[in-house]
Amino acid sequence: MESDRRVKIAPSILSADFARLGEQVAEAEQAGADCLHIDVMDGQFVPPITFGPVIVEAIRPKTSLPLEIHMMVISPENHFRQLKDAGADRLIIHEEATAHLHLSVGQIRELGMEPGVAVNPGTSLSLVEEVVSEIDLLLIMTVNPGWGGQPFIPSMLDKVSRARACLDRAESSATLEVDGGIKSDNAASVVRAGADQLVAGSAVYNDSVSVAEAMGQLRSAVSCGYDPK
């Protein structure tokens, strides 16, 4: 990676205090978040059920940050229009959850949103190589999706590096995002592996430090990932 490239941080509201969600969104924006990551789960693709367009619609007037929706749902194409109308800026769909990945990516773009594709830890990058030139973001999951607070899977660092190489070979400008177990003690390694953007849930929203302090710790950690050469 270029030494002057700024890595972005996307706080995941899955770990936020929902009793004061508006405040937590504002705190993240004031602390320098680059976008908000919203995990939509349907209880089928992953066991938990979280939230959908109603929450996106509620958050939209509370922040000027881009809203990226991580769709951990079966047949995500059934919900594209609703999420667009609710105020989503980017939809990230799972390769494992849609039968026609290329078609779904095109539908997201036709609706005026940025398409992203996510792959689980056990999914081969070869399954998304045919769409890397069509997407704005490639998301590498470094935990198995469904639950916040899981530990980072160390073997996924190599996959992040291979994803970086895949995008570079395709001369793709897509953002390489990493999601799962991101903390201040591993952020630098993930950045060195090639990540452009980090999703952070419990590392940002926790009972130990304020959102501003947590974001500051992550920014400091991320800066150590740059190659000084």
Side-chain angles (χ1 to χ4, degrees), residues 8-16 18 35-52 55 68-79 83 90-99 101 104-105 115-129 131-132 135 137-167 174-206 214 218 221:
K8 296 181 179 180
I9 297 176
S12 169
I13 66 163
L14 186 62
S15 298
F18 275 78
C35 70
L36 288 178
H37 188 88
I38 303 174
D39 291 306
V40 173
M41 307 182 197
D42 65 354
Q44 297 182 65
F45 180 65
V46 292
I49 297 174
T50 55
F51 27 72
I55 291 293
E68 66 173 30
I69 316 303
H70 183 184
M71 301 186 71
M72 287 174 268
V73 304
I74 297 294
S75 301
E77 59 275 7
N78 294 337
H79 310 284
L83 288 165
R90 176 187 296 138
L91 299 187
I92 304 168
I93 59 176
H94 270 261
E95 184 282 331
E96 307 89 353
T98 182
L101 184 61
S104 293
V105 164
V117 171
V119 291
N120 286 338
T123 299
S124 172
L125 288 171
S126 65
L127 297 177
V128 298
E129 286 181 344
V131 298
V132 293
I135 59 178
L137 180 142
L138 175 60
L139 171 57
I140 303 300
M141 292 298 299
T142 47
V143 299
N144 288 293
W147 298 271
Q150 296 184 72
F152 182 91
I153 301 172
S155 61
M156 290 299 103
L157 273 178
D158 177 67
K159 189 173 186 178
V160 174
S161 296
R162 288 185 284 114
R164 175 80 272 156
C166 176
L167 291 175
T175 296
L176 179 56
E177 183 172 61
V178 175
D179 180 8
I182 298 296
K183 306 287 184 183
S184 58
D185 62 357
N186 61 27
S189 296
V190 177
V191 170
R192 281 193 293 268
D196 301 309
Q197 183 161 299
L198 307 179
V199 177
S202 57
V204 171
Y205 294 114
N206 59 72
L218 278 174

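As a basis for the values below, the full set of heavy atoms in this structure was taken, side chains included, without hydrogen atoms, waters or symmetry mates. Treat the numbers as computed from the prediction; the structure is a model and nothing was measured.
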Return yes if some donor-acceptor pair links the side-chain N/O of Asn120 with the main-chain N/O of Gly122 below 3.5 Å, else return no.
no
Has the side chain of Arg164 got a donor or acceptor atom that lies under 3.5 Å from a matching backbone atom of Gly194?
yes
Can you confirm whether Val46 sits close enough to Trp147 that some side-chain heavy atom of one is under 4.5 Å from a side-chain heavy atom of the other?
no
If we only count heavy atoms from C-beta on, is the Ile182 to Val199 side-chain gap below 4.5 Å?
no
With no hydrogens and no angle check, do the side chains of Thr98 and Glu77 hold a donor and an acceptor under 3.5 Å apart?
yes
Should we say atom NZ of Lys8 is surrounded by more than 12 heavy atoms from elsewhere, each under 6.0 Å from it?
no
Side chains of Asn206 and Ser15 only: does a donor on one sit below 3.5 Å from an acceptor on the other?
no
Taking all atoms of both residues into account, what is the closest heavy-atom pair of Thr50 and Met41, and its distance?
OG1-N, 2.8 Å
Please assess Met71 against Leu91 for the test side chain to side chain contact (heavy atoms under 4.5 Å, CB included), listing each intermediate value before the final yes or no.
CA-CA 7 Å; Met71 301 186 71; Leu91 299 187; 4.2 Å; yes
Taken to the nearest 0.5 Å, the spacing of Leu167 CG from Arg162 CZ works out to 12.5 Å
In this structure, CG of Asp196 is separated from OG1 of Thr175 (nearest 0.5 Å) by 5.5 Å
Is Leu127 close to Val119 at the side-chain level, that is, under 4.5 Å between some pair of heavy atoms?
no
So His37 and Asp179, do their side chains get closer than 4.5 Å, heavy atoms only?
yes
Does any part of the side chain of Tyr205, heavy atoms only, come nearer than 4.5 Å to the side chain of Leu14, both counted from C-beta?
no
Would Glu96 and Thr123 count as having a side-chain donor-acceptor pair, cut-off 3.5 Å?
yes
Kindly assign one of parallel, tilted or perpendicular to the pair His94 and Phe45, based on the angle between their ring planes and the thresholds 30° and 60°.
tilted
With no hydrogens and no angle check, is any side-chain donor or acceptor of Lys159 less than 3.5 Å from a backbone partner on Ser124?
no
Indicate yes or no: at least one non-hydrogen side-chain atom of Leu157 is less than 4.5 angstrom from one of Ser189.
yes
Has Asp39 got a side-chain atom pairing as donor or acceptor with Ser12's backbone, closer than 3.5 angstrom?
no
